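Shown next, in structure tokens, is the structure this report addresses.
All values below come from the heavy atoms of this structure, side chains included, with hydrogens, waters and symmetry mates left out. For clarity, every value in this text was computed on a predicted model and none was experimentally measured.
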2 protein chains.
Amino acid sequence: MTGDDEPIMLGEIHMNEDDGRVERRDAAANRYKILQTAERLFAAHGVGNVNMADIAQAAGVGKGTLYRRFANKGELCLALLDTQMADFQNGMLARMQQMNIAGLPKLEQLQQFMDALVYFTDTHSPLLCEVQREGLLPLDNTRLQLPHFWQHMTVSALLRTAAAAGEISPELDTDYLADALLSPLKADFFQFQKTNRGFTLERISAGLRTLISGLRNADPES
Amino acid sequence: MTGDDEPIMLGEIHMNEDDGRVERRDAAANRYKILQTAERLFAAHGVGNVNMADIAQAAGVGKGTLYRRFANKGELCLALLDTQMADFQNGMLARMQQMNIAGLPKLEQLQQFMDALVYFTDTHSPLLCEVQREGLLPLDNTRLQLPHFWQHMTVSALLRTAAAAGEISPELDTDYLADALLSPLKADFFQFQKTNRGFTLERISAGLRTLISGLRNADPES
DNA sequence: CAGATAAGCGGACTAAAGTCCACTTGCAAA
DNA sequence: TTTGCAAGTGGACTTTAGTCCGCTTATCTG
């Protein structure tokens with residue numbers, strides 16, 4: 001992981017989002033150095049105790065270079081989470097296909113998804129907190145809300161299919177409920193529950209299962 | 001509200017938290033000036049566009065003086081919300097007594113509480129956002145989590161009495177559920193739902209009612 | 001291969017938050 | 001009224017996030 005020599009292994013090739021132009025080689029090398037360095041510093045001192053200037057210096061690049069790639073610490077953290085999020089998504093997709101084949105009720109699939117998400121959130125809460133903190137600011141946002149975005153897609157889709165399958169009332173506001181079920185897993189709130197309240201992962205999972213199971217008989221008109 | 005002359009009306013007398021000593025007269029006057037000024041600037045330019053230095057200058061005090069009273073913008077906002085929160089609490093207490101006398105089920109009381117809280121959150125979301133943002137930082141926190149604290153007290157108490165009254169299973173994790181039901185009303189998430197998702201207050205209230213009504217038949221063991 | 005050019009680079013610079021401390025002042029005891 | 005002093009004050013100072021812009025260099029075209 002640390003570099004005896006790291007000249008060639010540069011990870012994937014990145015495109016500029018707008019046009020399909022490939023990132024210049026020196027830029028890609030710097031991107032890689034930055035991510036490696038950030039990961040190392042975060043691990044050593046904690047995400048909260050490392051600032052952008054530290055990262056730039058330790059990576060041997062100027063602040064301007066760092067900020068060119070990552071507009072703020074949140075974006076950098078998001079980049080570090082990128083592969084892990086992809087893995088999680090792929091893993092869940094596979095599991096859900098299995099569960100579908102096995103004929104598991106949709107609500108039960110939802111519960112399992114939430115269980116997995118509790119674990120994922122716990123594992124990555126420091127990085128996720130940073131992502132979320134930046135996401136609050138009135139600017140840009142969109143990029144940083146990507147984690148919540150696909151989580152909402154998944155949960156609301158599961159709720160809709162559950163409604164279609166007659167497991168819950170078709171009148172339920174699936175878009176809202178997906179948001180509401182996910183909100184206790186926002187990184188800051190999750191960390192508050194673990195730290196201040198002393199809740200365990202099992203307790204949080206169980207609570208969410210309760211809320212989900214309640215939807216089975218929930219009345220949309222009151 | 002705006003000052004033609006404001007020399008004498010200084011609001012209540014404040015104590016130092018530790019000992020019971022009364023605040024010095026000049027200090028009290030400055031506290032008042034600061035709060036007035038902040039309220040005016042926030043109203044004129046928006047909470048997010050006003051910084052501590054602006055407030056200090058407009059109030060005619062040094063930054064040191066400002067920070068002595070209010071450790072950060074969040075604390076200042078909390079102070080501005082103080083009376084409004086007290087009013088809300090008193091109002092809810094009264095309404096809940098009425099509802100108790102009228103024999104309303106506890107879950108219905110909870111739904112009404114949440115309705116009122118949705119409205120309160122909406123009214124004060126800019127200030128609440130600021131309070132919450134500061135509350136995230138690893139430091140002190142406690143003070144700034146006060147709003148969530150009493151909301152949790154109220155909701156968990158209602159759930160417990162609902163359980164005692166047989167409206168919901170006595171096995172439910174009322175402490176967790178109170179947190180979970182309140183989390184979609186955290187100021188940042190609420191604002192996200194209004195701005196990005198375009199949810200109306202009615203839709204949010206209805207969604208929360210759905211979640212609460214689901215508890216009636218929720219299974220704590222799955 | 002040579003020249004053009006857009007992408008990349010880095011550090012000086014600005015802005016805002018928050019700290020510090022030498023000076024001032026209200027309060028109360030004598 | 002005088003006086004001791006804890007409380008209060010204000011602005012210079014430190015720190016950290018983030019911007020700007022002149023210089024460098026990879027890549028593309030001819």
Report task. Check the distance between D:dA12's C1' and B:Lys63's NZ and give it to me in whole angstrom. Result -> 10 Å
Query - B:Leu66 CG - C:dA16 C1' separation (whole Å) - result: 13 Å
Report task. Round to a whole Å and report the spacing from CZ of B:Arg69 to P of D:dG10. Result -> 10 Å
Requested in this report: Examine distances only and state if a side-chain atom of B:His152 and a backbone atom of B:Ala178 form a donor-acceptor pair shorter than 3.5 Å.
Outcome: no
Query - Side-chain N or O of A:Asn30 closer than 4.0 Å to phosphate OP1/OP2 of C:dC9 - result: yes
Query raised in the report: Taking atom P of D:dT14 as reference, at what distance in whole Å does atom CG of A:Asn51 sit?
Result: 18 Å
Query raised in the report: Want to settle it: does A:Ala53 or B:Gly64 sit nearer the 5' end of DNA chain D, counting the closest nucleotide to each?
Result: B:Gly64
**Report entry** Main-chain N/O of B:Ala86 paired with B:Asn90 side-chain donor or acceptor, under 3.5 Å
**Finding:** yes
Query raised in the report: Taking OP1 and OP2 of C:dG10, is either one under 4.0 Å from a side-chain nitrogen or oxygen of A:Arg68?
Result: no
Query raised in the report: To the nearest angstrom, how far is A:Leu76 atom CG from D:dG18 atom C1'?
Result: 14 Å
Requested in this report: Compare side-chain N and O positions of B:Thr65 against OP1 and OP2 of D:dG10 and report whether any pair is under 4.0 Å apart.
Outcome: yes
Query raised in the report: Whole Å only: how far is the CZ atom of B:Arg31 from the C1' atom of D:dT9?
Result: 15 Å
Requested in this report: Round to a whole Å and report the spacing from OH of B:Tyr67 to P of C:dC20.
Outcome: 13 Å
Report task. Please answer whether the main-chain N or O of B:Val50 pairs with a side-chain N or O of B:Lys73 as donor and acceptor at a distance below 3.5 Å. Result -> yes
Report task. Please state how far atom CD1 in A:Ile34 lies from atom P in C:dC9, giving the value in whole angstrom units. Result -> 8 Å
Query - N-O pairing of B:Asp179 and A:Arg197 below 4.0 Å - result: yes
